[in-house]
Structure formats: C-alpha cells, structure tokens
2 protein chains.
Amino acid sequence: MRSSVGEAGVLPLKWSIVLHVTAVPEEQPAWRQRAVERSTRAAKLRAEQRVQRFLDAAQELIAEKRTTDFTVQEVVDRSKQSLRSFYQHFDGKHELLLALFEDALSKSAAEIRETAGSESDPLQALRLAVEMLFEQSLSNPGVERPLFSDFALQLLVKHPSQVATAHLPLLTVFTELVEQAEDAGAIPAGKPRRQASILMQTVMFVAQGNGVPAGSHAAAVSAEEVWQFCLGGLSGVPVRN
Amino acid sequence: MRSSVGEAGVLPLKWSIVLHVTAVPEEQPAWRQRAVERSTRAAKLRAEQRVQRFLDAAQELIAEKRTTDFTVQEVVDRSKQSLRSFYQHFDGKHELLLALFEDALSKSAAEIRETAGSESDPLQALRLAVEMLFEQSLSNPGVERPLFSDFALQLLVKHPSQVATAHLPLLTVFTELVEQAEDAGAIPAGKPRRQASILMQTVMFVAQGNGVPAGSHAAAVSAEEVWQFCLGGLSGVPVRN
DNA sequence: GTGAGATGAGAATGATATTCTCACCGACAT
DNA sequence: ATGTCGGTGAGAATATCATTCTCATCTCAC
C-alpha cells in the first residue's frame with residue numbers, strides 16, 4: 001500500500017500517510033468504490049512515487065550528513081519537489097523519519113533472518129544474529145544506518161509505542177531463533193518473546209554506548225563479550241537462587 | 001567547585017562552566033594569584049549561587065512539566081534572572097541539561113551504593129542495585145527523574161562521551177558490587193568493569209523500552225526477569241561453547 | 001474542454017535558542 | 001573618592017527550522 005525506501009515493499013506502514021494517499025470513504029456503494037478506485041489508481045501511483053522520492057532524498061541526506069539533522073527544506077530541494085507537496089504526503093518530518101526507521105529495521109530483520117537461516121546449528125544461528133545486530137547498531141562505523149543510533153533514541157522517548165512497532169520485525173526474527181535454540185535443547189526453555197526482547201535491548205544498546213572513544217573509562221565491549229553475556233542470560237543461572 | 005541540584009555537592013562538574021566562572025590566567029606570580037583569588041572568591045560564590053538558581057528552576061520545571069521541553073526563557077523567568085546571565089554561565093540549554101543529568105545520575109549512584117551497602121550478601125546487594133536501577137530507569141512512573149528517560153537518550157546520540165562521563169558514578173558503584181560478588185565467589189571472576197557496563201546498559205534500556213502500554217506485542221519485562229537474565233550473563237554459560 | 005485536486009514557488013508564521021545593545025551597579029585598587 | 005571593570009537586567013534583534021498559507025499553474029479523468 002505505501003512504500004519502502006529501497007524496493008522491498010513490505011512493512012505495515014504509517015497510518016497517517018495511508019490516510020493521505022487513499023482518502024476513500026468506506027461507506028459508499030461498491031460500484032462507486034470501484035469507480036473512484038479506477039479514477040484514483042493512477043493518482044495513487046503518482047503519490048507513491050512522490051513519497052518515494054522524498055524517502056530516497058532523505059536517505060541520501062542521512063547517509064551524507066551522518067545524522068537526521070537535515071532540514072525538511074533540504075529534503076524538498078534534493079527531491080526536486082516542494083514543501084507544499086511534502087506536507088501533502090507526510091504529517092511532518094517525524095513521519096518521514098519514522099517511515100525510514102521502520103524500513104531500516106525491517107530490512108535489517110530480513111538480512112539477519114536470511115544469514116541466520118543458513119546456519120543449521122540453532123545456537124550458532126542465534127550467535128550470528130546477535131553479532132549482526134551488534135554491528136549494525138554501532139554508531140561509529142557510519143554504516144548506511146545512522147537510523148539505529150540517531151533517530152531511534154529520539155523516538156524511544158517521544159513515541160515508544162511506535163518504536164515497539166518498528167522493532168516488531170526484529171523481535172519476530174529473534175523470537176524464532178530463541179525458540180529454535182530452545183527446541184534444540186541448546187538453551188533451557190523459557191518465554192522466547194521476552195527473552196528475545198531483553199536480548200535485543202541488550203545487544204542494541206550496549207552497541208550504542210560503545211561508539212565512544214571515551215579515552216578514560218568505559219571499556220569498549222566487543223560483540224563476543226555481549227554474546228557471552230546474553231548466552232549466559234538465556235542459559236539461566238547455573239545453580240543457586 | 002560547580003554545583004549540585006539539591007545540596008549534596010559532589011560530582012566532577014562541567015568544564016565549560018568552570019572556565020566561565022574562573023577566568024584566571026595561570027602564569028601570574030603567586031602573590032598576584034592570591035590577590036586575584038581573594039578578590040575573586042566572592043564573585044565566584046555569587047556566580048555559583050546564580051548557577052544554582054538556574055539549576056533549581058530548571059529542576060522545578062522538569063518536575064512540573066514532566067519533560068525537558070521547557071524553554072530557556074521559562075528557566076530565566078522562574079529563577080528571576082536574565083537571559084544575559086544565563087548565557088554568561090551556561091554554554092546553552094544543553095549544558096544546563098547536562099549538569100542536571102550528571103547530578104541525577106550521581107545521586108542515583110549514591111542511593112544505590114547506600115542501599116546495596118547495607119546488604120551483607122554480595123549477590124543480594126547486586127540484586128538490590130539492579131532492581132533499584134531498573135525502577136529508576138522506568139519511564140512511566142513519572143518519578144522526579146524524567147532525565148533518565150528523556151534527555152538521556154538525546155544526549156546519548158549527540159554527545160556520547162558526556163554520557164559516559166555522567167555514567168561514571170553508577171559504573172563505579174556497579175563495578176564495586178560486581179567485584180565483591182566475584183571475590184565472594186558468588187559469580188565467576190571476570191572483567192568487573194566491562195561486566196558492570198553491560199549490566200547497566202541492559203538494565204537501564206530494558207527498563208526504558210518498558211514504559212509502553214503497547215497493547216499488542218512487546219511483553220512487559222519485570223525487574224525480576226532482568227535480574228535473572230543479568231545474573232545468568234554474569235555467571236557465564238554453564239557448560240558448552 | 002472543464003473542473004477538482006495536486007503541485008510549485010516562495011512568502012508568512014510560530015516557536016525557540018542564542019546573541020547583542022545599552023544602561024547600571026557594586027567591588028575594589030589606587 | 002573615584003575610575004575601571006566585570007557582571008547584570010531588560011529586552012530587542014537574529015537565526016534556524018518546522019509548518020502553514022497564498023496563488024497561479026498543471027494534470028487527468030470525464
């Protein structure tokens with residue numbers, strides 16, 4: 001229905017955007033529905049292309065400036081469209097960023113799923129997944145995903161539920177991996193969804209707080225260490241308590 | 001040298017602020033130094049009081065509005081001083097927030113240290129500490145620390161090294177607790193500082209992502225669960241790998 | 001061809017942070 | 001006593017953005 005930054009159009013998309021793009025009253029008779037539908041389809045396509053151009057422009061800017069501090073004007077200029085048009089399609093900069101964010105996480109989830117899927121040992125698969133997530137969540141390497149590090153946190157504060165939604169694809173993947181590991185007896189059975197949730201938080205944010213030279217304190221943690229920690233966490237405490 | 005929101009004046013302070021307050025050339029003869037010192041001491045005190053009034057005002061506003069979205073003007077008005085003066089003492093709103101943030105974390109660390117210190121069993125002490133940190137990092141309860149949830153993340157993005165500095169007091173406390181637990185043989189020996197670091201990140205951010213009703217997905221994680229996870233992480237994986 | 005909705009160009013608004021101007025004051029060295 | 005100087009208050013002036021508005025134009029389905 002809506003879009004996707006690159007081409008793999010999946011994810012659940014943003015409501016407001018949908019409302020803008022398809023303003024079709026639901027209570028009309030079916031024939032009218034179809035009529036409007038026919039006469040609108042093209043417009044819808046055009047709209048999606050425009051939206052896409054905005055998204056692409058924003059993506060470029062983020063990649064270049066390594067931050068989400070670009071101005072709406074810049075996006076507009078680069079996409080060779082107009083402010084008028086921008087606000088016609090997005091509720092605001094926030095919606096734009098959210099769309100990109102969801103998209104990035106969704107893609108990341110897909111990558112991880114694929115890579116991990118090619119590993120037969122469930123525990124190794126999980127390990128791979130953790131390491132991938134860790135790398136992608138680092139702030140410094142300046143991958144094409146400053147979204148993870150930058151906007152993510154801002155969002156985490158103002159609209160936590162949207163973050164939850166955006167995390168869903170990743171959470172799903174990790175939940176599956178945890179379940180498989182448990183089924184295989186590699187780790188004791190538990191509540192996979194919650195375990196996956198804690199796991200993700202741990203990996204993502206430990207990576208986060210890592211992109212700091214921080215000369216003095218704050219020992220840089222490696223993917224390996226995080227994995228060990230998480231594995232222990234999932235495996236439970238050996239004896240007491 | 002600098003300040004503290006309430007009264008317990010501890011923490012390492014902010015450089016820029018110090019530079020503003022004491023602009024004393026170091027290469028003067030000693031007598032002159034002392035002279036200047038004498039003639040400056042009073043001014044320094046006045047300055048600190050002013051700074052303190054800004055900090056107090058900001059703290060009040062945060063408590064009231066439950067957010068860091070207050071305007072500098074509001075702080076100025078409430079503290080009955082002037083914009084001019086504000087910028088004389090702070091590099092900007094950012095510095096003000098940073099000061100409050102450091103202060104909050106510092107106090108939190110003190111509380112945790114004290115509470116945990118009254119527990120003789122090292123493992124229980126660590127557990128207590130984890131639970132306290134978890135509670136204090138929750139977003140919803142609207143405690144008097146929207147700093148943890150709100151500004152903290154913004155900061156995490158733009159000035160990670162300052163976050164590291166701010167985290168230091170907490171990191172120190174947790175490192176001690178981990179060391180004690182290891183010394184007591186409650187958990188296997190490791191690298192206490194790094195372990196404490198991962199531990200903190202996990203606890204704080206899992207708590208973070210928790211303040212969400214999020215009707216559908218995202219199972220709310222409890223302090224207990226986090227503790228179990230972290231304990232496992234610290235204890236290491238029982239057998240394989 | 002016509003009319004409704006979409007667009008472009010760019011001005012206007014609104015909210016804030018930050019800087020600047022200028023008059024004043026109070027401590028202090030001489 | 002007095003002149004200097006840094007700090008201050010009051011508030012105007014700037015600067016930066018996001019967001020909205022105006023109006024002329026364009027496009028497409030009919």
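Below, chain A is the first sequence line, B the second, and so on; all start at residue 1.
One interatomic measurement links the two molecules: CG of Asp91(B) to C1' of dT19(C), which rounds to 13 Å at whole-angstrom precision. Across the protein-nucleic acid pair, Asp77(B) atom CG and dG9(D) atom P stand 12 Å apart, rounded to whole Å. For Phe86(B) and dT19(C), the CZ to C1' distance is 13 Å, given to the nearest whole Å. A straight line from CG of Asp69(B) to C1' of dA18(D) spans 15 Å, rounded to a whole angstrom. Per the geometry, NE2 belonging to His89(A) stands 16 Å off P belonging to dT19(D), to the nearest Å. Rounding to whole angstrom units, CZ of residue Arg50(A) and P of dA6(C) are separated by 11 Å. Between the CD atom of Glu74(B) and the C1' atom of dA17(C) there is a distance of 13 Å, given to the nearest Å. The distance from atom NZ of Lys80(A) to atom P of dG8(C) is 12 Å, rounded to the nearest whole Å.
Among the candidates Glu64(A), Gln73(A), Arg53(A), the single residue satisfying the side chain to side chain contact (heavy atoms under 4.5 Å, CB included) test with Arg78(A) is Glu64(A).
Mapping Arg84(A) and Ser85(B) onto DNA chain D via the closest heavy atom, the residue that lands nearer the 5' end is Ser85(B). Nearer to the 5' terminus of DNA chain D, by closest-nucleotide assignment, is the contact made by Arg46(B) (compared with the other of Arg46(B) and Leu83(B)).
Listed pair Arg53(A) / dT7(C) fails the phosphate criterion, with no side-chain N or O lying under 4.0 Å from OP1 or OP2. The side chain of Tyr87(A) places an N or O atom within less than 4.0 Å of a non-bridging phosphate oxygen (OP1 or OP2) of dT19(D).
Counting any heavy atom pair closer than 4.0 Å across all strands shown, Phe70(A) reaches sugar-phosphate atoms only and no base atom.
Salt bridge Asp69(B)/Lys65(B): absent, no basic N to carboxylate O contact under 4.0 Å.
Between Gln201(A) and Gln201(B), the side chains place no donor N or O within less than 3.5 Å of an acceptor N or O (distance only, hydrogens not considered). A donor-acceptor pair shorter than 3.5 Å can be found between the side chains of Gln88(B) and Arg84(B).
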